[in-house]
Enquirer: 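What follows is a single structure, and I will ask about it in a moment.
Computed from a prediction, not measured in an experiment: that's the story for all the values here.
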Amino acid sequence: MSLPLIPAPATTTSADGTFSLTTGSGLVVESPELAGTAARFVADVELDSGLTVTGDTGITVLIDSVDDVVPVEGVRADSATVDERHSLEITTAGIRVWGPTPEAVYRGLTSLRQLITAHNQEGVATLPVTRIVDGPRFAWRGLSLDVVRTFHAPDEVRRVIDMLALYKLNVLHLHLTDDQGWRVEVPSRPALTEVGATGAIGDRPGGFYSQAELADLVAYAAERFVTVVPEIDMPGHTSAVFTACPELAPAEIRTVDLGNGASLQLSTLQPDRTETWAFVEDVLDAVIPQFPQSAYVHIGGDEAWGMSDEDHASFVEQAAALVRARGKKVLGWQEIARAKLDSADVVQYWLDLDIDTMSQDPDAPMPPEELLPILTEGLRKAKYDAQKALEQGTRLIVSPVTWLYFDRPHADASSDAQQEEARQRLGLPFYGAASIEHGIAWDPVDSLPGVESAAQLAGVEAAIWCETITSAQDLELMLLPRLPGAAEKAWSHQTPTDWPAYAARLAQQSPAWRNRAWTWLKSTEIDWT
């Protein structure tokens, strides 16, 4: 029997019989430290399914060991040693969920939430007798969210956190700075938010998160066992910095016309200036305390167009040293592998595009002519980044464009005419369209050149960039139903993923999305419940 769960659990054992959960059912909390987790579960079940469990019998939750071995690889964003393995047992007499930590129990209750929603009929969830033993394949399971090109207010970010939690994803990587804006307060540099935060792409409104708003978001995520990791993108992607702090800009700022009314800046922070490092230290000292759960600071390091290899390596090494001096670990996009790294650093692999293969395909969309030689040089260097990282003993976060960039256009048609209109404008054509099936037709280890074992990976992280996304509805339409597929690749030990079976499991997620008023692509390839 295939249970309607995403990600697919490690092991399931089924038997005859059912147990009916009703509004008269409730929780017995045998371990006091689970009181908050249990309350969160009750609230989420009502949001997911409309079922209110107000009684005090039916479901028992407790802290207890899990005997079955479910191996996990990678690193956690909080660097904590937390066992997420859990068991969920449904008998004709009731339900029992246990694990060695509150987080483990929360993951087990998350599976139970999905089962309740899928089986709920008019206030009664008739659940099949089964026993599940589960745990993650990778410790780091996340989403990188671009809040710069389109600013997403705290309420929308909370909705995204809820999506992550529903699919056992445990990292929200906030891309807080880029050419188009600056989204985090640095009190010693007020111009960053007074000037640098005012815009976004085109005429979209800007904005930033106050320290109080970020504290609320970080706490909201922590209640759902999600760690928020900050990214300060440097030395490139710094147009907003130069607008706010012109004294940091080089004497000459070069740009490339993109042919669509926009331009790409080729100037970067300069590693040989004392002003640069005073700025970086001010930023790190202000940002790090706002993300207390995160053991990592993401320093960007990508697309440092127009910067020499020597200057780029020098910048990465100096910025990394400043992060480590503040007691944090270093994370960066794959280009940082061209510098000297520490084995505790983590490299985020994303550039799996082959410019040589693309240029031979007459149907492949190509970038503007003036930009092509710059991209060609960058992509050819990128072929060696993963190997350079692994040779230095660093682990990789898997975020390849081909599989995990959610700003690719949707290939699947929608049964909703309005969504069909949105589908035509959403996503970067340069990447090519991708179907929902495509998103699960790969493996984090087998699909990466140079990677020989899961032990070389820190985890799996999808990314959503917002060049074409103009609203919260656009964002959700590009995230769903792709996000569960990323969770399947990050958590599930069952590989490869069988498409018909996965499509059946995915179809049964829609009642929760509908009840929560989330927007999702109503793909005609899925027989939605």
Side-chain angles (χ1 to χ4, degrees), residues 146-149 173-199 206 208 230-256 263-288 296-326 328 330-341 345 347-348 350 374 377-378 381-382 385:
D146 170 19
V147 296
V148 176
R149 292 169 180 86
H173 162 185
L174 281 183
H175 184 77
L176 291 164
T177 72
D178 211 304
D179 288 323
Q180 297 80 11
W182 186 278
R183 307 297 182 215
V184 58
E185 281 192 293
V186 179
S188 64
R189 304 271 181 162
L192 287 172
T193 44
E194 292 173 359
V195 177
T198 55
F208 67 92
E231 179 184 351
I232 305 299
D233 203 352
M234 51 187 175
H237 292 288
T238 46
S239 294
V241 172
F242 295 155
T243 301
C245 308
E247 70 277 8
L248 297 173
E252 179 185 358
I253 295 180
R254 295 181 295 148
T255 60
V256 170
S263 61
L264 176 70
Q265 182 175 289
L266 300 183
S267 298
T268 65
L269 290 167
Q270 296 167 294
D272 58 351
R273 295 179 59 188
T274 57
E275 300 95 329
T276 294
W277 298 110
F279 168 77
V280 172
E281 293 203 60
D282 284 351
V283 170
L284 293 176
D285 288 339
V287 170
I288 286 173
Y296 289 83
V297 174
H298 200 303
I299 61 172
D302 62 311
E303 297 180 334
W305 310 123
M307 196 178 203
S308 71
D309 292 344
E310 293 77 12
D311 280 353
H312 178 260
S314 174
F315 188 97
V316 168
E317 289 162 16
Q318 292 182 69
L322 292 175
V323 169
R324 296 186 200 108
R326 286 157 175 77
K328 296 296 181 178
V330 175
L331 168 64
W333 297 108
Q334 72 181 65
E335 290 94 323
I336 72 168
R338 301 167 198 174
K340 293 179 182 177
L341 300 178
D345 300 339
V347 169
Q348 189 161 9
W350 67 284
I374 298 170
E377 180 186 11
K381 289 180 183 177
D385 290 336

Enquirer: Using the ring-ring contact (aromatic ring centres under 6.0 Å, His included) rule, take Trp333 and His312 through it: C-alpha gap first, then chi angles, then the decisive distance, then the call.
Expert: CA-CA 13 Å; Trp333 297 108; His312 178 260; over 10 Å; no
Enquirer: Judged by atom type as modelled, is there a donor-acceptor pair below 3.5 Å linking the side chain of Trp305 to the main-chain atoms of Met307?
Expert: no
Enquirer: Hey, does the side chain of Asp233 reach the backbone of Asp178 with a donor-acceptor pair shorter than 3.5 angstrom?
Expert: no
Enquirer: Mark yes or no for whether Thr243, through its side chain, and Ser239, through its backbone, hold a donor-acceptor pair below 3.5 Å.
Expert: yes
Enquirer: So, Asp309 and Arg338, do they make that salt bridge, N to O below 4.0 Å?
Expert: no
Enquirer: If you look at every heavy atom in Val184 and Phe208, which pair is closest and at what distance?
Expert: N-CB, 4.3 Å
Enquirer: Got a donor-acceptor contact below 3.5 angstrom from the Glu231 side chain to the His298 backbone?
Expert: no
Enquirer: Pick from Val280, Leu284, Ile232: which one makes a side-chain contact (heavy atoms from CB on, under 4.5 Å) with Val323?
Expert: Leu284
Enquirer: Working to the nearest 0.5 Å, report the span between NZ of Lys381 and CD of Gln334.
Expert: 12.5 Å
Enquirer: Locate the shortest heavy-atom distance separating Ala249 from Arg273; write the atom from each residue and the value.
Expert: O-NH1, 3.2 Å
Enquirer: Tell me, which pairs form a side-chain hydrogen bond (donor to acceptor under 3.5 Å, both in side chains) where one or both residues lie in residues 183-196, sequence neighbours left out?
Expert: Arg189-Asp282
Enquirer: Might you work through the side-chain hydrogen bond (donor to acceptor under 3.5 Å, both in side chains) test for Asp146 and His175, ending with a clear yes or no?
Expert: CA-CA 5 Å; Asp146 170 19; His175 184 77; 4.8 Å; no
Enquirer: Has the side chain of Thr276 got a donor or acceptor atom that lies under 3.5 Å from a matching backbone atom of Gln270?
Expert: yes
Enquirer: Do the side chain of Asp179 and the main chain of Thr238 share a donor and acceptor less than 3.5 angstrom apart?
Expert: yes
Enquirer: Might you point out which heavy atoms bring Val330 and Tyr296 nearest each other, and give the distance in Å?
Expert: O-CD2, 3.9 Å
Enquirer: Could you report the tightest heavy-atom contact between Leu341 and Ala337, atom names first, then the distance?
Expert: CD1-CA, 3.9 Å
Enquirer: For Leu331 versus Ile336, what's the shortest heavy-atom pair and its separation?
Expert: C-CD1, 4.3 Å
Enquirer: Assess whether side-chain contact (heavy atoms from CB on, under 4.5 Å) is satisfied between Thr177 and Val241, documenting all intermediate values.
Expert: CA-CA 9 Å; Thr177 72; Val241 172; 5.9 Å; no
Enquirer: Please evaluate residues Trp350 and Glu335 with respect to the criterion side-chain hydrogen bond (donor to acceptor under 3.5 Å, both in side chains), reporting the C-alpha separation (whole Å), side-chain torsions for both, the decisive distance (0.1 Å), and the verdict.
Expert: CA-CA 10 Å; Trp350 67 284; Glu335 290 94 323; 3.2 Å; yes
Enquirer: Just how far is it from atom CG of Asp385 to atom CG of Asp302, taken to the nearest 0.5 Å?
Expert: 11.0 Å
Enquirer: Flag the pair Thr268 / Phe315 as yes when at least one side-chain heavy-atom distance between them is below 4.5 Å, and no otherwise.
Expert: no
Enquirer: Indicate the atoms forming the closest heavy-atom contact of Trp182 with Leu192, along with that distance.
Expert: CB-O, 3.5 Å
